Each structure stands twice: as C-alpha cells, then as structure tokens.
Engineer: 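Here it is, the structure in full.
In this text the structure is predicted, and so the values were computed from the model without any measurement. So you know, we letter chains A, B, ... as the sequences are listed, proteins then strands, and number each from 1.
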Amino acid sequence: MSVDVGGIVVHLEHLTAEKQAVLVEQVRRIVRAAPLFRPEMPSGRKMSVRMTSAGTFGWTSDRAGYRYERQHPNGMDWPPMPPIALDIWRDVAGVARDPQSCLINFYDGDAKMGLHQDRDEADMEMPVVSISLGDEALFRVGGAKRGGKTQSIWLKSGDVAVMGGAARLNYHGIDRIRANSSTLLPNGGRINLTLRCVD
DNA sequence: TAGTAGCC
DNA sequence: CACT
C-alpha cells in the first residue's frame, strides 16, 4: 500500500520485520567503522541529528556549506553501501542507475530536521529514496518553494518514501520523534537511510 | 539584511 | 526570534 504526501510516494509497511532487523545489523556494522558525528551547519549551529554515510559519497556540512565528500571526517573512506538498501533502491527507484550514497541519520527523542530541499546532487532526474527504522517520525512536506502549504504524515519503521519527479525538490523535514514507539532499536530512537545518486 | 538540513 |  502507498500514499501520496505532497507528491512524495510513501510505501507503507514495505519492509518485513525480518528485513528491518537485517538492515539494522548492516547499519550497526557501518556505524562501528564510521562513527556518527554531528555536523555544523553554515550558520554555525550544530544539527540535532547525528549522521554517517556509506557508499562512494557521504553527505556532510560545516561553515563552508553543504556537500558530499568521499571520506568520513576522520579521513577514512565510507564503508560499502548496505546490501539490503541497494535491493530496496532497485525495487522502488525506477531508474537504471544505482545509488552512490547512503546517508544514515540518527534521531534521538529530541532530534528534528527543519524544512529543506535536497539539492546537493547533480542529476535531479534521479530520485531520493528514504527508509525509516525505529521510532515513528512526523514528516512534513511542502512544495518546491518555501512558504506554501505543507502536509504531514507519521512515518513508521519499515516505511519507504520515494521523492522523485515533480516532488524531487519539495521541501521536507522532521518535526517530531515519537519516543518509544518502536522496539526495533534496543536503545530507541530513529534511523533514517537516504539513498541518492550524487554526480 | 535576508534567510534559516534553525529555535521556542 | 536570534544568529550569521
């Protein structure tokens, strides 16, 4: 089953509990090798989410701006893309290319992400695929410009959202995490994986 | 001063 | 609203 939220197709209950558990294990391995960090934004503030990446490119930011890098801030190459994430992309993205980046965002109960566009990628014909694991998150979607109407939906563990076509540049963000709404992650919180082509 | 992967 |  899927729903349309501001042009973004959200596949609900797309991943089995088994697949979610395996994906969590693959993410754990990545985080052990490439520790979570809290990027600084161009404004000088630190983001509330912690993040790391897998694949050829990882997303990061600092006072110099938002961008993709080939290495973790500690100097290592990013670990390989988690195999299940690649399977999911091939199932839902509808394009011939494979993703080059898997951004892993970790939200604790207080973490949020303001409305923003994903526009650090070269080819806007390539969709962005977002996978939710763990606690539920209030996801808000607007249009391609700031200030318009927005819609919200609670994303649950295992949901997969595809932001493509007309929705590729829609503003979106996370307003709230519902703590303890899932038992998938032993220590609670939410993991979001975002798969993208970068260059 | 305008804009904000913000903050309350 | 406060920060850059």
Engineer: Scan nucleotides 2-4 of chain C against the protein and return all N/O pairs shorter than 3.5 Å with their distances rounded to 0.1 Å.
Structural biologist:
none

Engineer: Please name the pair of heavy atoms, one in Leu195(A) and one in Pro99(A), separated by the smallest distance, quoted to 0.1 Å.
Structural biologist: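 Closest approach of Leu195(A) to Pro99(A): CB-CB, 4.1 Å.
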Engineer: Can you say whether the rings of Tyr68(A) and Phe57(A) are parallel (under 30°), tilted (30 to 60°) or perpendicular (over 60°)?
Structural biologist: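 The rings of Tyr68(A) and Phe57(A) stand perpendicular, inter-plane angle above 60°.
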Engineer: Keeping to residues at least two apart or across chains, list the salt bridge (charged side-chain N to carboxylate O under 4.0 Å, His left out) pairs with something in residues 171-185 of chain A.
Structural biologist: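 Non-adjacent pairs meeting salt bridge (charged side-chain N to carboxylate O under 4.0 Å, His left out): Glu136(A)-Arg178(A), Arg140(A)-Asp175(A).
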Engineer: Can you check the distance between dA5(B) and dT1(B), where both ends of the measurement are the C1' atom (answer in whole Å)?
Structural biologist: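 The answer is 22 Å between these two C1' atoms.
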Engineer: What pairs with Asp120(A) under salt bridge (charged side-chain N to carboxylate O under 4.0 Å, His left out), at least two apart in sequence or on another chain?
Structural biologist: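 Testing Asp120(A) for salt bridge (charged side-chain N to carboxylate O under 4.0 Å, His left out), a comparison that skips the adjacent residues, returns none.
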Engineer: Can a salt bridge be assigned to the pair Glu40(A) and Lys46(A) using a cut-off of 4.0 Å between side-chain N and carboxylate O?
Structural biologist: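 No, this pair does not count.
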Engineer: Less than 4.0 angstrom from a charged side-chain N to a carboxylate O is my criterion; do Glu69(A) and Arg67(A) meet it?
Structural biologist: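 A salt bridge links Glu69(A) with Arg67(A).
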Engineer: With rounding to the closest Å, how many angstrom separate the C1' atoms on dA2(B) and dG6(B)?
Structural biologist: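 One C1' to the other, the span is 14 Å.
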Engineer: Using residues 29-38 of chain A as the side-chain source, report each donor-acceptor pair under 3.5 Å to any protein atom, sequence neighbours left out, with the distance given to one decimal.
Structural biologist:
residue: Arg38(A); atom: NH1; partner: Met47(A); partner atom: O; Å: 3.0

Engineer: Can a donor-acceptor pair be found, under 3.5 Å and without considering hydrogens, that links the side chain of Gln151(A) to the backbone of Gly142(A)?
Structural biologist: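 Not confirmed, Gln151(A) side chain does not pair with Gly142(A) backbone.
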Engineer: Describe the nucleic acid contact of Gly114(A) in one word from base, sugar-phosphate, nothing, applying a heavy-atom distance below 4.0 Å.
Structural biologist: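 Since only primed, P, OP1 and OP2 atoms lie under 4.0 Å of Gly114(A), the category is sugar-phosphate.
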Engineer: Would you mind classifying the nucleic acid contact of Asn105(A) as base, sugar-phosphate or nothing, using non-hydrogen atoms under 4.0 angstrom?
Structural biologist: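 It contacts nothing in the nucleic acid.
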Engineer: Taking salt bridge (charged side-chain N to carboxylate O under 4.0 Å, His left out) as the test, write out the residues that go with Arg146(A), two or more places apart.
Structural biologist: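 Result, salt bridge (charged side-chain N to carboxylate O under 4.0 Å, His left out) vs Arg146(A): none returned.
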Engineer: Determine, using the 4.5 Å side-chain heavy-atom cutoff (strictly less than), whether Val160(A) and Val9(A) are members of one ILVMFWY cluster.
Structural biologist: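 Each belongs to a different hydrophobic cluster.
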Engineer: For DNA chain B, what residues of residues 47-79 of chain A have any heavy atom nearer than 4.0 Å?
Structural biologist: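 Going residue by residue through residues 47-79 of chain A, the ones with a heavy atom under 4.0 Å of DNA chain B turn out to be Met47(A), Trp59(A), Tyr66(A).
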Engineer: Tell me what Met41(A) touches on the nucleic acid: a base, only sugar-phosphate, or nothing, going by heavy atoms under 4.0 Å.
Structural biologist: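 Sugar-phosphate: the residue Met41(A), judged by heavy atoms under 4.0 Å, touches backbone atoms but no base.
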Engineer: Can you pull out every side chain to side chain donor-acceptor pair (under 3.5 Å) where at least one residue sits in residues 91-102 of chain A? Sequence neighbours excluded, please.
Structural biologist: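 Sorted pair list: Arg90(A)-Asp98(A), Arg97(A)-Gln100(A), Gln100(A)-Asp199(A).
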Engineer: Base, sugar-phosphate, or nothing: which does Asp110(A) touch, judged by heavy atoms less than 4.0 Å apart?
Structural biologist: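 The answer is nothing, as Asp110(A) stays clear of every strand by at least 4.0 Å.
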Engineer: Checking the side chain of Arg190(A) only, and the main-chain atoms of Ala137(A) only, is there a donor and an acceptor separated by less than 3.5 Å?
Structural biologist: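 It does not hold such a pair.
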Engineer: Who are the side-chain contact (heavy atoms from CB on, under 4.5 Å) partners of Ala122(A), not counting sequence neighbours?
Structural biologist: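 Ala122(A) satisfies side-chain contact (heavy atoms from CB on, under 4.5 Å) with no other residue.
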Engineer: Start with the C-alpha gap between Asn170(A) and His172(A), add the side-chain angles, then the distance that decides, and say whether side chain to side chain donor-acceptor pair (under 3.5 Å) holds.
Structural biologist: CA-CA 6 Å; Asn170(A) 282 2; His172(A) 58 281; over 6 Å; no
Engineer: Near DNA chain B, under 4.0 Å by heavy atom, which residues of residues 125-148 of chain A?
Structural biologist: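 Hits under 4.0 Å, by residue number: Arg146(A).
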Engineer: Holding to salt bridge (charged side-chain N to carboxylate O under 4.0 Å, His left out), I want the full list of residues that pass it with Asp77(A), two or more places apart in sequence or in another chain.
Structural biologist: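 So Asp77(A) forms no salt bridge (charged side-chain N to carboxylate O under 4.0 Å, His left out) with any residue.
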Engineer: Would you grab the first and last nucleotide of DNA chain B (5' to 3') that comes under 4.0 Å of any non-hydrogen atom in chain A?
Structural biologist: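 Under 4.0 Å from chain A, the extent on DNA chain B is dT4(B) to dC7(B).
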Engineer: For a stem of at least 3 consecutive Watson-Crick or G-U pairs with distances under 3.5 Å, i pairing with j, i+1 with j-1 and so on, which stems involve DNA chain B?
Structural biologist: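 Output for stems: B:2-4 with C:2-4.
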Engineer: Nearest 0.5 Å, what's the CG-CG distance between Leu155(A) and Leu138(A)?
Structural biologist: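 Reported value, rounded in 0.5 Å steps: 8.5 Å.
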